[in-house]
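First the structure, in the form of structure tokens, and then the observations on it.
In what follows, every chain begins at residue 1, and chains take the letters A, B, ... in the order their sequences are listed.
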Amino acid sequence: MIKKSLAMAAVAGLVVAAPAIAEARDQIRIVGSSTVFPFSTAVAENFGRSSDFKTPVVESTGSGGGMKLFCSGVGTQHPDITNSSRRIKESEFSKCTEKGITITEVKIGFDGIVLANSKTHAPFALTKKQIFLALAKEIPVDGKLVANPNRLWSDIDLSLPAERIEVLGPPPTSGTRDAFVELVMESAAKQFPEIKALDKAAFKAAAHSVREDGAFVEAGENDNLIVQKLEANPNALGIFGFSFLDQNADKLQGATVGGVAPEFENIASGDYGISRSLYFYVKQQHVGTIPGIKEFVAEFTSDKAWGDEGYLTEKGLIPLPEDDRKAMMKSANGMSPLSM
Amino acid sequence: MTDSTARVPALRRADLSEQRLKRRYAAEKRFRFYGLAAIFAALAILGLLIGTIVLNGHTAFVQTHLEIPVFLDPEVIDPEGNGDPGALRRADYQGLLKKSLRERFPDVSGRRDRIKLYGILSNGAGLDLRAEVQADPSIIGTNQTIWVKSSDDIDSLVKGYIDRDLPEGDRRVKDNEIAWIDALEADGGVEKQFNTTFFTAGDSREPEQAGIWGAAVGSFFTLMITLILSFPIGVLSAIYLEEFAPKNRWTDLIEVNINNLAAVPSIIFGLLGLAVFLGVFGFPRSAPLVGGMVLALMTLPTIIIAARAALKAVPPSIREAALGVGASRLQVVTHHVLPLALPGIMTGTIIGMAQALGETAPLLMIGMVAFIVDVPGGVTDPATVLPVQIFLWADAPERAFVEKTNGAIMVLLAFLILMNALAVLLRKRFERQW
């Protein structure tokens, strides 16, 4: 028992030393979305290299996880900035406000979600409605919702190949999946009067449920994995972020959606229908306490970073239109508070 | 029964023993074949795994460099002419390199083409030049030829990962870039050199500037904390339970719980770390200190179980002999039992450490899955560890990170093999048979 209590004392000693460690921090801490992670880290690295501040630490926690950490309070043990691949929710905002946090919202650009297949196969030309009919758990047939009977693409539309429907996509924990469901499944569901007529909860259930009979395969959070599986299986279609298509243009081709190809210009102009906005949120109370936050925001919103030819576009970010950029830069650098 | 068979010998069946024997031999042969097949299958899979990793990863250890003749313009580097180190640090070295490229390919015009041309260099190439100048400021004002890193796309091209025969639109590297590289190569200005950056730098978003040193140092600090905490606690617990504790229901309960803890999924320890070390004690996020504490909790059961097995293997006669000549029970343990059990304890500890070295899940919860450029200088600095670095690179969209990922896996495997070899060596060298 003496030895045990000795061990306890050692641990207790560490605990006493802890507050001294936790107090000082001279490094920006960023948490949040794994989609924004590649952009946030690129800015962090350039910021660390070109300024006298330390390079910020960027954690990839997912949008929801990041918000939770971000809104847990003011103080050096809490992060200064959170990235998000969707806008802050009202519930999250009120939680933040309760803790006395004032937020500045910065919209940084767009991310396209693409459906792509191997180049050894003919390219797909789809519409959102067709994607819904291929992937929804239940679809309306003769005015009633029934379990999705479509086995082949040609069951949906004769213009599509007579091949088994096989789509690899992200699991429900992923932000890409959330965005895909919202931008494709929900918007397509609204085109069916039978589903549109449902009450709110039933509509959500019908629009958000993806089939589980093998036509849709959850391939994991790692987009590179989906890319590899598509190479190995030319009959499959994959759902992932635009930057992965951009990097693997020699092996994969994007399906057109509603006649628009998933290309940089089309996503930037908003013609391509499946794109979402990316954000980061700054805790104003930490500006001035943690050195470099203002300068980091200035770096992120500078033309050499998020401009049309900035280093972030090289990483796959689709920039905002120029006027929006200017307005956003002003409000970001002025730290204008967000209200909802 | 026996006398009935004796009475009616005519009913005796034909002698089948030979057939039975044959069957038994055949069964044994089959069994041996299955066993061999299983081992060969395992070896083949292992070979395939390591083969793919080495095949994809060996190129991570070299990096394409381009030879650029550059005039180290004193106007740019040291406008005051006083060799001020601050000015030397801030000067636009990338600009000097860009100017050299413009002079080398004078017919490249137009903004887009120029940007493409500058893009064949790594955007960290200026740092290479800066290092040269800082090492020897006397070269300012002279013409030098220096080797600088190429960008990751050019690196992939030179390493043969990009198929030149594809249509231009499908390639990351365009025709004019290939022409420039071919021109440089014709002059002997393209070379694959040993990638020191990979072993000396922290993480980076640019594949050619990314290194594993930051993660390796993070792993070192984390494992140090793990060892410092788990080894003494584990060994003391094992000694107490094995040598001193009475055998009753309480010690049984503790024993069962230790065995259970050894099988708890590691992410649970991460959750505990998040709730207790970060939540209650307020330790900093992403610190090797917390990572080490979490991993110590995880390795403790392994060490306790290994140490108890090692203590149990010391024959009782040694204890009895020591007690017989008047040693106290503490003396029996510290003078005789512990030294004899130490090789076994060490082996168990090293294997526990190797396990901790490969762990990522518990570190996810305490913020060690993060992008960290600076190499950590202490146990409270933000840090990441080798397996997390591999995880992050595997997720990166840039194709050039594939080889870095595999290269980092090779380094991690080398560490694991080294640690396990050390464990085997210790066992072989110091183990005693009674």
Quiz item: So, A:Lys54 and B:Asp381, do they make that salt bridge, N to O below 4.0 Å?
Solution: no

Quiz item: Could A:Glu314 and B:Arg205 be called an ion pair, given the rule that one side-chain N must be under 4.0 Å from one carboxylate O?
Solution: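 A salt bridge is absent here (no side-chain N lies under 4.0 Å from a carboxylate O).
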
Quiz item: What option among B:Gly124, B:Pro167, B:Ala287, B:Ser204 has the most heavy-atom pairs under 4.5 Å with chain A?
Solution: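 Max contact count across the listed options: B:Ser204.
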
Please state whether the side chain, the backbone, both or neither of [X] comes within less than 4.5 Å of a heavy atom of chain A.
X: B:Leu278; value: neither
X: B:Gln209; value: side chain
X: B:Arg172; value: side chain
X: B:Leu127; value: side chain
X: B:Ile115; value: side chain

Quiz item: Using a cut-off of under 4.5 Å for heavy-atom pairs, which of A:Asn222, A:Val31, A:Asn46 has the most such pairs with chain B?
Solution: A:Asn222

Quiz item: Counting heavy-atom pairs under 4.5 Å to chain B, which of A:Ile30, A:Val227, A:Leu225, A:Asp246 comes out on top?
Solution: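 Of the options given, most contacts go to A:Asp246.
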
Side chain, backbone, both or neither: which part of [X] has a heavy atom under 4.5 Å from chain B?
X: A:Glu309; answer: side chain
X: A:Pro79; answer: neither
X: A:Leu252; answer: neither

Quiz item: What do the steps show when you test B:Ser286 against A:Arg29 for side-chain contact (heavy atoms from CB on, under 4.5 Å), and what is the final call?
Solution: CA-CA 10 Å; B:Ser286 318; A:Arg29 301 212 58 136; 2.3 Å; yes

Could you report the tightest heavy-atom contact between [X] and [Y], atom names first, then the distance?
X: B:Ala370; Y: A:Val57; answer: CB-CG1, 3.9 Å
X: A:Asp223; Y: B:Asp395; answer: N-OD1, 4.2 Å
X: B:Glu206; Y: A:Glu45; answer: N-OE1, 4.1 Å

Quiz item: So, A:Asp250 side chain and B:Arg171 main chain: donor-acceptor pair closer than 3.5 Å or not?
Solution: no

Spacing of [atom1] belonging to [X] relative to [atom2] belonging to [Y], to within rounding of 0.5 Å:
X: B:Asn123; Y: A:Arg49; atom1: CG; atom2: CZ; result: 6.0 Å
X: A:Thr55; Y: B:Asp203; atom1: OG1; atom2: CG; result: 11.0 Å
X: B:Arg285; Y: A:His78; atom1: CZ; atom2: NE2; result: 11.0 Å
X: B:Leu392; Y: A:Phe37; atom1: CG; atom2: CZ; result: 5.0 Å
X: B:Asp163; Y: A:Lys251; atom1: CG; atom2: NZ; result: 10.5 Å
X: A:Gln77; Y: B:Phe283; atom1: CD; atom2: CZ; result: 13.5 Å

Quiz prompt | Stepwise side-chain contact (heavy atoms from CB on, under 4.5 Å) check, A:Glu59 with B:Phe371 | solution = CA-CA 6 Å; A:Glu59 269 184 61; B:Phe371 174 76; over 6 Å; no

Got a sec: does the [atom1] of [X] have more than 12 other heavy atoms crowding it under 6.0 Å?
X: B:Asp175; atom1: CG; value: yes
X: A:Lys68; atom1: NZ; value: no
X: B:Phe391; atom1: CZ; value: no

